[in-house]
A.B. asks: 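Would you mind keeping the following structure in view while I ask a few things?
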Amino acid sequence: MLIYLAIFAFVVYFLISVLQFMRTKSHNDKLLLHKMDDISQKLDELKEKKY
């Protein structure tokens, strides 16, 4: 009985860890996309100023 409780606790801990990782990754991906958009806009502005 104790082994089942330990396995259940490990599964719950693992799921919580995965969810926290995915939430952090999602946030970082949004920041990265925003930064890439900013860089892309600045590159377009530089190209327009050159010509």
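Computed from heavy atoms alone, side chains included, the values below leave out hydrogens, waters and symmetry copies.
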A.B. asks: Are Val18 and Phe21 linked, directly or through other ILVMFWY residues, by side chains that come within less than 4.5 angstrom of each other?
C.D. replies: yes

A.B. asks: Any non-hydrogen side-chain atom of Leu32 less than 4.5 Å from a side-chain atom of Met36?
C.D. replies: yes

A.B. asks: Under 4.0 Å between a side-chain nitrogen and a carboxylate oxygen: does that hold for Lys25 and Asp29?
C.D. replies: yes

A.B. asks: If I take atom NE2 from residue His34 and atom CD1 from residue Ile39, how far apart are they, to the nearest 0.5 angstrom?
C.D. replies: 10.5 Å

A.B. asks: Linking I/L/V/M/F/W/Y whenever their side-chain heavy atoms sit closer than 4.5 Å, directly or via other members, would Ile16 and Phe8 fall into one cluster?
C.D. replies: yes

A.B. asks: How many angstroms lie between atom CG of Leu2 and atom CD1 of Ile7, to the nearest 0.5 angstrom?
C.D. replies: 10.0 Å

A.B. asks: Could you state the interatomic distance from NZ (Lys35) to CG (Leu31), rounded to the nearest 0.5 Å?
C.D. replies: 9.5 Å

A.B. asks: Does the Ser26 side chain pair with the main chain of Met22, one donor and one acceptor, at a distance under 3.5 Å?
C.D. replies: no

A.B. asks: Would one find more than 12 heavy atoms of other residues, nucleotides or ligands at under 6.0 Å from atom CD1 of Ile3?
C.D. replies: no

A.B. asks: Drop me the distance from Asp38's CG to Leu43's CG, to the nearest 0.5 angstrom.
C.D. replies: 11.0 Å

A.B. asks: How long is the gap from CG on Leu33 to NZ on Lys30, to the nearest 0.5 Å?
C.D. replies: 10.0 Å

A.B. asks: Show the numbers, then the answer: is there a side chain to side chain contact (heavy atoms under 4.5 Å, CB included) between Met1 and Leu5?
C.D. replies: CA-CA 7 Å; Met1 185 68 180; Leu5 185 60; over 6 Å; no

